[in-house]
Amino acid sequence: MNAPAKLTPDDFATDQEVRWCPGCGDYAILKAVHKTLPELGATHENTVFVSGIGCAARFPYYINTYGFHTIHGRAAAIATGVKLANPELNVWVVGGDGDSLSIGGNHLFHLLRRNVDVQYLMFNNEIYGLTKGQFSPTSRVGTKSPSTPQGSVDRPANGLRFALGAGARFVGRAIDIQQANLGALLKRAHGHKGASFVEILQNCIVYNDDVFAHITDKKVAADAQILVEDGKPLLFGKDKSKGLRLNVKTLALEMVTLGEGGVGLDDILVHDEKNRVLGGLLADLEAPFPVALGVIYCDPAESYEAAVWGQMAQAKAKNPKPDINKLLRAGNVWTVE
Amino acid sequence: MVGSVAGTAAQRGRKKVESVVVRFAGDSGDGMQITGSQFSSSTALHGNDLATFPDFPAEIRAPIGTTFGVSAFQINFGSRAIKTSGDKSDVLVAMNAAALKVSLSNLREGGLVILDTGSFNERNFVKAGYKVDPRTDGSLAHYQVMEIDISKMTLDVAKPLGLSQKEALRCKNMWTLGLVYWMYDRDLQPTIDWLQGKFGAKAPEVAAANIAALKAGHAFGETVEISGDYAGYSIGRASIEKGLYRLVQGSEALAWGLLAGSQLAGLEMLLASYPITPSSPVLHSLSDLKAFGVLTFQAEDEIAAACAAIGASYAGRLGVTASSGPGIALKTEAIGLAIGTELPLVVVNTQRAGPSTGLPTKTEQSDLYLSVYGRNADAPMPVLSVRSPGDAFETAIEAVRIATKYMTPVMLLSDGYIANAAEPWLVPDIADYKPFPVKFRTDPEGFHPFLRDPKTLARAWAVPGTPGLAHRIGGIERDYNSGNISYEPENHQRMTDTRANKILGIANDIPEQQVEIGAPGGKMVVVGWGSTYGPINRAVSNMREAGYDVSHIHLRYIWPLPRNLGDLLRSYDQVLIAEMNTGQLRTLLRAEYLVPADGLNKVSGQPMMISEVEDAIRSRLATAKAAE
């Protein structure tokens, strides 16, 4: 076989007209995925995108690979079947916050705990878009929507905390419009063997515009975000003058400024991707703390489909020429003359 | 209908009978199911034909001595063809008062009751709801009663072998089995071998005690203690087709049929399932067949099970999901996705009594509507039904054939009775089956995912990993000519019609409906489907012998219906549809053929009886005659 020609982002676009609202954050995510796939060496034939229902779930129609747009909440279960059937496939799952954490919360939980080797991209816009603007499981308390005219009263779910609680071995977060960081995170997620959970903060321009402005707005971004890197101190702020320190008495993170009150670089926590406790603390951060971005937690373990196929290989080694006629004749049989 | 057990004359030597129904009944923890299945194996090896009916509660270990904790196993065996587990029993083995209370009404008048007096005491009477000792109030006057202190006799042999009182008492089912083996002249050895295999290595004292109890029960029968009044019986070999036989349970045969089907299709299988009674044995059977390339996935719920199976089919394996009514209800949206995206899928529904949780361990045939109609929108799919444990193998193969050839989910209906029942099975040879290999699409030339075979209307199956065929499919309506999303009104009409016609066209690819007994045309036909096969068949055959003009038709194909069925039904004066629901097949056949079908319907959680079908035939034909 000839060496395949190097694929470009355009090669991963389809001929289908993209049907998201103009200005939707999904366009930025699509662009990042189109750009990242060739960098990963992905092929059209060995890549599969599976999605549930919602705006985000239209994603597979716009990627020139195999794609399966399924039913609400069940993409994780269908992707599990795809990966089990053929572990060679590079499987991505795309869902919104409602698809993933509400109707599909159960399946996402089990996909993560089993550690099926797929990349799960949760586009979080804190709203139901396709059904016209109802509050979602990630909407903040007080969200006014057609179904909550006085403001929502239920407390929001934290996707990263949910994933960690489910036993996910890879948890990360990015922002739709930060192309470089998003691309880098997608690459890490792809490289991780096992379930990778990636939350992408995504702006819904029609029903929840600027819901993340307090994090993404250029004026506040430096203080409102912290991009974590393994082995590096947890610094943020315009000139990286601020940092996160562990208060050992409260077992909580606190914000400190280098050089103030005798705080030095040694006082700042160093990010350790394999530290699940730290991952939990970072997942919880919200204003006035900076929101954590990047690879929050990554500690690989054997993936589910590998273990299942391992058992099958053992069974086949024990019985290399299985014969159904023999199976039917095992145990007590007798002949009628 | 069966040989009498009433052996009043003191006689040595065995009395010949044609067939017998024995019912073992005891507490859930008394081991009645093991007793029954061991008796079945020995009986099959003895050369009798047989049919079994395990009848147990949903509770795993209900409080001891209660009526709701009674677990029973009924077996009908004989030297003639056996078609049902028997209407009434000839012998009832009651291990406690509750078992007697629950099962006595099932014993024919004059039948024999064997009682373990060791568990007949005041406390047990109260628990069973008896006000006085049933042995003294005349309620057993119409039966023969054999009172034996089985508990004590078991303790006498089992305890000295090093077992505790409690452990030793658990051997009393083997003592009882030994006695019944003596009564019917069965060989002990297969059960001894089984006990050795099960306990020999890890608990040799348990194996020894059980074997001792088995032998003691047998010896008890053989010695003077009872043989004076109750001579043993002898039942000749049944004249059945020559060949190699084994006992097979419905769920086991169904699982093997799925494996055989996948091999004939040239595919490996993924069964995704969620535990549910009475479907779980299908999952258990297939979980042990990994060497055959069978993958099993115990999903987090019924929906995930259906979805994972669909994902597997999408990726090129044979996706199968198995459940029972409540679980199938949960899968319906996913089945709709498989219908819309036209992916093969086998959905096994081992029906149980409902609605809701209903009677989880009891049988019913009430998911026909659910199977044929039970989805949102116009969502047709083939529905097949299994008539007996052995038939589950054949019908499962057919389900795989249709699913893969027509790119469609197929509903495969079994029921709780078939799943648990066992019968002797002429073991098939896989070489006798014609393969139906699946051809995945690999040619990119002119490809789109909804390109159809002009004859079957099945779409191309192109699996991920195939170069040049990357494509997107989904639940949104697909364009007939490209497979892309389409909201065009004419296209939706065309796709809906095509999906319906594809399924209807299967009628040309299945056999014409045959008449089981009788002939086309005549005064009456009894139509059935599923596990009512045995009682209908025997009843119709009995009634024909008695001079009635009645035939039997039994459907394997519920949807689409066989192409000649309408004409066939119209050739009879009366159509009687016997089913264990309130008239679901009747509604379907009336709607399809406008035939004035009548119904014999039963939903007691118990299998239909031969006598019930006979009575229904007799009364209708008598009425028709009177009206002439």
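Within every chain, numbering begins at 1; the chains are lettered A, B, ... in the order of the sequence lines, protein sequences first and strands thereafter. Heavy-atom basis, side chains included; hydrogens, waters and symmetry copies ignored.
- Under a 3.5 Å cut-off, the side chain of B:S37 and the backbone N or O of B:I34 do form a donor-acceptor pair.
- Residue-environment remark: CD (A:E88) stays at or below the threshold of 12 foreign heavy atoms within 6.0 Å.
- At most 12 heavy atoms of other shown residues, nucleotides or ligands fall within 6.0 angstrom of atom NZ in A:K31.
- Using a 4.5 Å cut-off between heavy atoms, B:A260 touches chain A through backbone and side chain atoms alike.
- When heavy atoms are compared at a cutoff of 4.5 Å, A:R19 approaches chain B solely by way of its side chain, counted from C-beta outward.
- Contacts of B:L337 with chain A are made by side-chain atoms alone, with heavy-atom separations under 4.5 Å and no backbone atom involved.
- Contacts between A:I63 and chain B at a heavy-atom distance below 4.5 Å involve the backbone alone (N, CA, C, O).
- A:N90 places no side-chain N or O within 3.5 Å of a backbone atom of A:N46 that could act as its donor or acceptor partner.
- Of the residues considered (A:T80, A:L84, A:N86), A:L84 shows the highest number of contacts with chain B, using heavy-atom pairs under 4.5 Å.
- Contacts of B:L343 with chain A are made by side-chain atoms alone, with heavy-atom separations under 4.5 Å and no backbone atom involved.
- The pair A:E305-A:K193 meets the salt-bridge criterion, with a side-chain N (NZ, NE, NH1 or NH2) lying under 4.0 Å from an Asp/Glu carboxylate O.
- For B:V463, the part lying under 4.5 angstrom from a heavy atom of chain A is the backbone only.
- In this structure a side-chain-to-backbone donor-acceptor pair under 3.5 Å is present from A:T70 to A:S51.
- Within a 6.0 Å sphere centred on CG of B:D193, other residues, nucleotides and ligands contribute more than 12 heavy atoms.
- For B:S41, the part lying under 4.5 angstrom from a heavy atom of chain A is the side chain only.
- With chain B as the partner, the residue from A:R329, A:H72, A:R74, A:E337 showing the most heavy-atom pairs under 4.5 Å is A:R329.
- With a threshold of 4.5 angstrom between heavy atoms, A:D323 approaches chain B through N, CA, C or O but not through any side-chain atom.
- Using a 4.5 Å cut-off between heavy atoms, B:P449 makes no contact with chain A at all.
- A:F49 does not touch chain B: none of its heavy atoms, backbone or side chain, sits under 4.5 Å away.
- In this structure, the portions of B:I430 lying under 4.5 Å from any heavy atom of chain A include both its backbone and its side chain.
- Annotation: maximal heavy-atom pairing with chain A below 4.5 Å, among B:K290, B:E268, B:R472, occurs at B:R472.
- When B:A309, B:A315, B:A291 are compared by the number of non-hydrogen pairs under 4.5 Å with chain A, B:A291 comes out ahead.
- Ring geometry, A:H192 versus A:F170: the interplanar angle falls from 30° to 60°, so the pair is classed tilted.
- A:L89 touches chain B through its side chain: at least one heavy atom from C-beta onward sits under 4.5 Å away, while N, CA, C and O do not.
- A donor-acceptor pair is defined here as one N or O able to donate and one able to accept, closer than 3.5 Å; such a pair exists between the side chain of A:N115 and the backbone of A:A301.
- For B:E241, the part sitting under 4.5 Å from any heavy atom of chain A is the backbone (N, CA, C, O) and nothing else.
- With chain B as the partner, the residue from A:N325, A:N319, A:T47 showing the most heavy-atom pairs under 4.5 Å is A:N325.
- For B:F292, the parts lying near chain A are the backbone and the side chain together; criterion is any non-hydrogen pair under 4.5 Å.
- By number of non-hydrogen pairs under 4.5 angstrom with chain A, the leading residue of B:A306, B:G47, B:G293, B:C307 is B:C307.
- With a threshold of 4.5 angstrom between heavy atoms, B:A334 approaches chain A through its backbone and through its side chain.
- Proximity of the aromatic rings of B:W425 and B:F393 is defined here by a centroid distance below 6.0 angstrom, and this criterion is met.
- Aromatic ring pairs are classed by plane angle as parallel below 30°, tilted from 30° to 60° and perpendicular above 60°; the pair A:H190 and A:W92 is parallel.
- The most heavy-atom pairs under 4.5 Å with chain B, out of A:Q311, A:Q314, A:K321, A:K318, come from A:Q311.
- Options B:A305, B:G340, B:A308 differ in how many heavy-atom pairs under 4.5 Å they form with chain A, and the most are formed by B:A308.
- The closest donor-acceptor contact from the side chain of A:T14 to the backbone of A:Y61 lies under 3.5 Å.
- Two residues are said to be in side-chain contact when any heavy atoms from C-beta on lie closer than 4.5 Å; B:I303 and B:E333 fail this criterion.
- Comparing B:L244, B:I473, B:T296, B:D288 by heavy-atom pairs within less than 4.5 Å of chain A, the highest count is held by B:I473.
- Per-residue heavy-atom pair counts under 4.5 Å with chain A were compared for B:L289, B:L270, B:I310, B:D301, and the maximum is reached by B:D301.
- For a residue to count as touching a neighbouring chain, one of its non-hydrogen atoms must lie under 4.5 Å from one of that chain's; by this rule B:S313 does not touch chain A.
- For B:I476, the parts lying under 4.5 angstrom from a heavy atom of chain A are both the backbone and the side chain.
- Counting only distance, with no hydrogens or angles, the side chain of A:S102 and the backbone of A:P137 share no donor-acceptor pair below 3.5 Å.
- In this structure, A:H44 has its ring center under 6.0 Å from that of A:F12.
- In this structure, A:F197 and A:Y120 have parallel ring planes: the angle between them is below the 30° cut-off, well short of the 60° mark.
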